[in-house]
2 protein chains.
Amino acid sequence: MTTPLRILLVDDHTLFRSGLKALLQRQADLEVIGEAADGLEGVKQATQLQPDIVLLDLDMPVMNGRDALAQMLVGQPGLAVLMLTVSEDGEDLAECMKTGARGYLLKNINADFLLDSIRRAVDGDSVLSPEMTAKLVARLRAPVAAPRHSELDSLTPRERETLSHLARGISNKEIARALDLAESTVKVHVQNILRKLGISSRVQAAVYAVEHGLDKP
Amino acid sequence: MTTPLRILLVDDHTLFRSGLKALLQRQADLEVIGEAADGLEGVKQATQLQPDIVLLDLDMPVMNGRDALAQMLVGQPGLAVLMLTVSEDGEDLAECMKTGARGYLLKNINADFLLDSIRRAVDGDSVLSPEMTAKLVARLRAPVAAPRHSELDSLTPRERETLSHLARGISNKEIARALDLAESTVKVHVQNILRKLGISSRVQAAVYAVEHGLDKP
DNA sequence: GGGGCAATCCGCCAAAAGGAGGAGGCGCCC
DNA sequence: GGGCGCCTCCTCCTTTTGGCGGATTGCCCC
């Protein structure tokens with residue numbers, strides 16, 4: 001038999017780590033070689049111990065799991081990292097998987113599923129909690145379905161409308177015609193948009209609009 | 001106990017259907033209520049029989065599985081459809097899931113996984129063959145796999161470079177500084193870009209650049 | 001009933017962009 | 001060698017933006 005899989009646990013709940021460790025140690029082919037209680041410590045341990053796989057919580061003090069994940073991967077690009085979290089947020093999921101997590105598991109999974117996932121992840125497979133698959137598919141359907149709260153919120157309805165037209169590349173005069181306004185009013189709106197978005201040209205405003213899906217509303 | 005789940009099988013391989021049917025009928029909570037050997041027949045059966053779930057092959061004569069899936073869903077938007085195919089193509093996967101398939105399973109899965117998937121799919125979960133999860137994640141990472149041949153090709157290298165800077169929202173003068181050119185030269189490039197792309201303002205050029213991934217090359 | 005905010009307009013000004021023309025140099029290909 | 005495309009730069013001109021200032025109206029909320 002080959003050497004056991006060397007596992008690093010990163011989670012700020014001591015009891016959870018203890019239980020998990022006991023569970024994993026019962027498997028002949030698994031070995032917990034280290035533990036960390038926050039993201040920063042986790043990154044350090046990952047570098048020193050060179051584990052085969054990391055089980056990583058999201059919500060932690062000092063450094064959260066997302067940042068820790070990114071840090072670990074710059075140091076060890078091929079490292080298998082399984083997110084193990086309570087967050088069912090599709091945003092968290094997408095971020096972690098984009099960053100390069102090998103999997104995203106909810107803490108409500110049963111032991112067999114976890115053990116299976118660990119082995120599969122080390123083999124290179126991507127694994128997801130069943131509940132999260134649908135969320136990933138949803139992202140596929142609307143890749144830029146960014147309902148994030150942004151500076152966009154600070155724009156008034158009229159400003160958003162103006163920006164939307166601006167993004168089509170038309171002049172203030174034409175926007176004025178489209179919105180049935182004086183050109184001077186449009187210029188005021190554009191000024192406010194630039195100020196609120198912290199930018200300095202209508203071109204940047206247009207790019208912003210496109211990137212936030214405001215170009216074809 | 002509740003009534004069994006009513007299943008429709010759609011696959012052009014008779015033997016495969018027979019075997020699958022035998023397998024499913026062994027389960028007390030499952031019942032195969034219909035079979036079809038091509039997509040068109042499958043859509044017809046789905047309409048008539050109103051099954052709880054459809055197992056649908058991709059590669060079929062007369063009408064392929066993708067089109068059949070779309071057809072079924074216009075008629076019965078909430079219908080659970082599990083793709084059951086040999087295609088490991090990420091494109092097929094993405095298309096089907098975007099269209100609204102409840103899952104995408106490879107035919108190499110074992111019986112337990114299939115049975116479990118059927119029950120989960122009917123419950124509203126999305127299910128994927130383990131191998132396909134990674135492909136879905138890959139799509140998340142690069143939503144626009146840039147298969148473009150476009151007017152972009154008609155731009156000269158210098159024009160593309162200019163456009164790339166333009167898309168950052170900076171002035172001609174600044175572009176000139178960045179490219180170590182006279183502002184007048186930049187203006188010529190911009191003119192050529194507008195003409196070649198068939199547009200009339202730098203804002204439209206910037207939007208075009210962003211939409212074609214030329215903003216951060 | 002006053003304060004805040006969105007929305008609408010004005011004017012003025014400097015800077016930037018758009019549009020037209022011409023012109024020289026360079027490399028490539030027939 | 002001549003033609004062609006690309007890159008470079010120029011002038012002259014009009015239009016558009018960006019960036020001030022200020023003003024009025026209407027609405028909501030406390």
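A note on names: the letters A, B, ... follow the listed sequences, proteins ahead of strands, and every chain is numbered from 1. Quick caveat: nothing in here was measured; it's all calculated off a predicted structure.
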Task: Residue pair B:Val10 / B:Val54, side-chain heavy-atom distance below 4.5 Å - done: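 Side-chain contact under 4.5 Å: yes.
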
Task: Any A:Arg158 side-chain heavy atom under 4.5 Å of A:Leu179 side chain - done: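 They are in contact (side-chain heavy atoms under 4.5 Å apart), so the answer is yes.
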
TODO: Provide the start and end nucleotides, 5' to 3', of the part of DNA chain D that has atoms under 4.0 Å from heavy atoms of chain B.
DONE: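 Answer, 5' to 3': D:dC6 to D:dC10.
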
Atom [atom1] in [X], atom [atom2] in [Y]: separation rounded to 0.5 Å?
X        : Y        : atom1 : atom2 : answer
B:Leu128 : B:Asp125 : CG    : CG    : 11.0 Å
B:Arg66  : B:Thr85  : CZ    : OG1   : 9.0 Å
A:Leu155 : A:His212 : CG    : NE2   : 10.0 Å

Task: Contact boundaries on DNA chain C for chain A, cut-off under 4.0 Å to non-hydrogen atoms - done: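 Endpoints of the contacted stretch of DNA chain C: C:dA6 to C:dC10.
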
Open item on the list: Please list, in numerical order, the residues of residues 183-194 of chain A that have a heavy atom closer than 4.0 Å to any atom of DNA chain D.
Closed with: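 Correct list: A:Lys187, A:Val190, A:Gln191, A:Leu194.
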
Open item on the list: Checking side-chain polar atoms at under 3.5 Å, does B:Glu174 have a donor or acceptor matched by the opposite partner on B:Ser171?
Closed with: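 Side-chain D/A pair, B:Glu174 to B:Ser171: present.
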
Open item on the list: Less than 4.0 angstrom from a charged side-chain N to a carboxylate O is my criterion; do A:Glu91 and A:Arg139 meet it?
Closed with: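 Result for this pair is yes, salt bridge flagged.
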
- [ ] Could you tell me whether B:Asp59 atom CG has more than 12 heavy atoms of other residues or ligands within 6.0 Å of it?
- [x]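 Result for CG/B:Asp59: open.
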
TODO: Would you name the heavy atoms of A:Leu79 and A:Met72 that are closest together and state the gap between them?
DONE: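 What the structure gives for the nearest pair is CD2-CB, 4.2 Å.
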
Open item on the list: Exactly one of A:Asp57, A:Leu20, A:Leu84 should register a side chain to side chain contact (heavy atoms under 4.5 Å, CB included) with A:Leu9. Which one does?
Closed with: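 Result: among A:Asp57, A:Leu20, A:Leu84, A:Leu20 is the only option passing the side chain to side chain contact (heavy atoms under 4.5 Å, CB included) with A:Leu9.
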
